[in-house]
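The block underneath contains the structure these notes are about, expressed in structure tokens.
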There are 2 protein chains.
Amino acid sequence: MMEKVPYIPQKSQETNIIESAMQRVETIMKDVVASDVKVLTEASKHILQAGGKRVRPQLVLLSYAAFDGEDFEEAAPIAAALELVHTASVVHDDINDHGVIRRGRPSVNAIWGRTFALLTGDFLFTKVYELMAPYGELNVIFADATVALVEGETLQASAVKESNFTRQVYMDIIARKTAALFKAGAMLGASLANAESDQIEAMGRYGFNIGLAFQIIDDILDLIGDEEELGKNSGQDLKQGRGIAAVDNNGDNATNVLDSVKAKLVDNIETATAQAQHLVELAIDELSVLTDSPAKSQLIDLANKIINRTH
Amino acid sequence: MMEKVPYIPQKSQETNIIESAMQRVETIMKDVVASDVKVLTEASKHILQAGGKRVRPQLVLLSYAAFDGEDFEEAAPIAAALELVHTASVVHDDINDHGVIRRGRPSVNAIWGRTFALLTGDFLFTKVYELMAPYGELNVIFADATVALVEGETLQASAVKESNFTRQVYMDIIARKTAALFKAGAMLGASLANAESDQIEAMGRYGFNIGLAFQIIDDILDLIGDEEELGKNSGQDLKQGRGIAAVDNNGDNATNVLDSVKAKLVDNIETATAQAQHLVELAIDELSVLTDSPAKSQLIDLANKIINRTH
């Protein structure tokens, strides 16, 4: 009865390892926002507990596993930091956009007001920095991505203000505000696992391309949401003059010309969907630097899920 | 005529070395905020060019020099990062306080509006991170200080909201929002110069104490400003229910009870001035870990100047 049963790795082991590491990521995020300044902890936990797709930390962990990384205790704080920088930007976005609902719950600014929302975003940024402090050179990759994130948000605010939403401007915005963090995630995982520099670069292109695709699909979903019929729910982007809806609007105020731009929107959505599909294919091609593994399969699945999602 | 004149170090040489390093700090800050997103660069340069006392970077450089640090090219980016994190917090403060004048110029939010001011503050935070990325373990000291800074700002906003400005709360606020960065500055310089851990701790206490004194004097100056007579200019703190003016106000709204709190203010200012003087003495005592040098003399001067300033 006391005889040890030999441990046999299951086919699904790799998946389980990442699931467990993702739980660790949640714990790290929850723990790191603990502060005796209660409002910061409460507001941070509020936004974190609202969930989210957690694509960015998955990218770090899967990319790490794909290069035979095994110490998920070391990888998890990086994954947590990447999700936190995204979360910080979400909190600040909601201030600027007067967003009152985020992830199905009231936004931080809706509950705590603008001042505490601004400080909560700042707090999350400093916690990112705290988590990453022990990781030496990886901070260079991380810092580049956070700079790009803020630049992307700023380009978006400028484009809205100036009604200058050409396709080129749109692509530049989403490259910085979204794809840069996805790229960083894939590169960070690979770097931590000591991948070769050309492999790290390939993973960066994988992350970058699915990041672009992710944001394009996000913007399409913002327009057509659950409602299957176009125009039933015009969404926040349309109201705020940004995203796919605003591309090439030539300075027209989108809210006042809703009917006349419907045909244009259908065109834009079809074009954008095809583009997202193409970007995912390009991303998956980059994974040829990897040998077959459960992690590689999951990276392929992750890319495909980005296209085939409804929320 | 061609004979080389032997180079004789002047008594003021150390001072000159720091002056030149401080110019390097200005150049680094100016260069690092360059971005193709023009509004970020313009707004960042606007606030940087408005000047400021630059006490934090001086602390880094003097502490570094005091432990025989010689590579100011390596030390200057840390000093620049410390000034930038302060600058970022100033930009965000002005959003929360609706500040329209900063350092004698219109604030960033007064010129560019709240959205771009928020993003400029975020941008400066990310640039701090970019500058510090190559500095390994020093990031731990730096991250701790930035967390404390945001916590201090949040405690202040909470205390204003709840009219709960006891002396203890006030000291906790200024310890985090100001003294933590001063402490970090002195520790960073010493650490970079490979000082012993007890020396680094002593420098931390030096920085912390002059940080407290600095903020106390700042709050007194906010109350009495250029005007030598108390009450002529009640200042921003009084209006906003914070700082020395608000200590122990027991929930009264300071703007409505100006006359009745004047006597209390005089008491508070006298007590606070004596406390600041005492803190500077404690700080200077910590410098006994240093051998005599021009840098040590300048650290003593810096501490004394904090008390004897009028702006």
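Here is how names work: the chains are called A, B, and so on, in the same order as the sequence lines, proteins then strands, and each is numbered from 1. Atom set for the values below is all heavy atoms of this structure, side chains included, hydrogens, waters and symmetry mates excluded.
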Q) Checking heavy atoms, do the side chain of Leu138(B), its backbone, both or neither come under 4.5 Å from chain A? A) neither
Q.
Any heavy-atom pair between the side chains of Asn96(A) and Leu119(B) that's under 4.5 Å?
A. yes
Q) If you draw a 6.0 Å radius around NZ in Lys183(B), do more than 12 non-hydrogen atoms from other residues or ligands fall strictly inside? A) no
Q. Quick one: NZ on Lys161(A) to CH2 on Trp112(B), what's the gap to the nearest 0.5 Å?
A. 10.5 Å
Q) Just wondering, do Phe125(B) and Tyr129(A) contact through their side chains at under 4.5 Å, heavy atoms? A) no
Q. Less than 4.5 Å apart, any side-chain heavy atom of Asp122(A) and any of Thr146(B)?
A. no
Q: Please step through side-chain contact (heavy atoms from CB on, under 4.5 Å) for the pair Phe123(A) and Thr154(B), ending with a clear verdict.
A: CA-CA 9 Å; Phe123(A) 179 67; Thr154(B) 308; over 6 Å; no
Q | Separation between CG of Asn139(A) and CE of Met132(B), rounded to the nearest 0.5 Å | A | 9.5 Å
Q.
Under a 4.5 Å cutoff for heavy-atom pairs, which residue among Val140(B), Ile141(B), Leu118(B), Leu155(B) has the most contacts with chain A?
A. Leu118(B)
Q: Answer yes or no: is there a side-chain heavy-atom contact under 4.5 Å between Glu151(B) and Leu40(A)?
A: yes
**Q.** Interface moiety of Phe142(B) toward chain A, non-hydrogen atoms closer than 4.5 Å
**A.** both
Q) Lys38(A) versus chain B, heavy atoms under 4.5 Å apart: side chain, backbone, both or neither? A) neither
Q) Between OG1 of Thr115(B) and CG of Asp93(A), what distance do you get to the nearest 0.5 Å? A) 10.0 Å
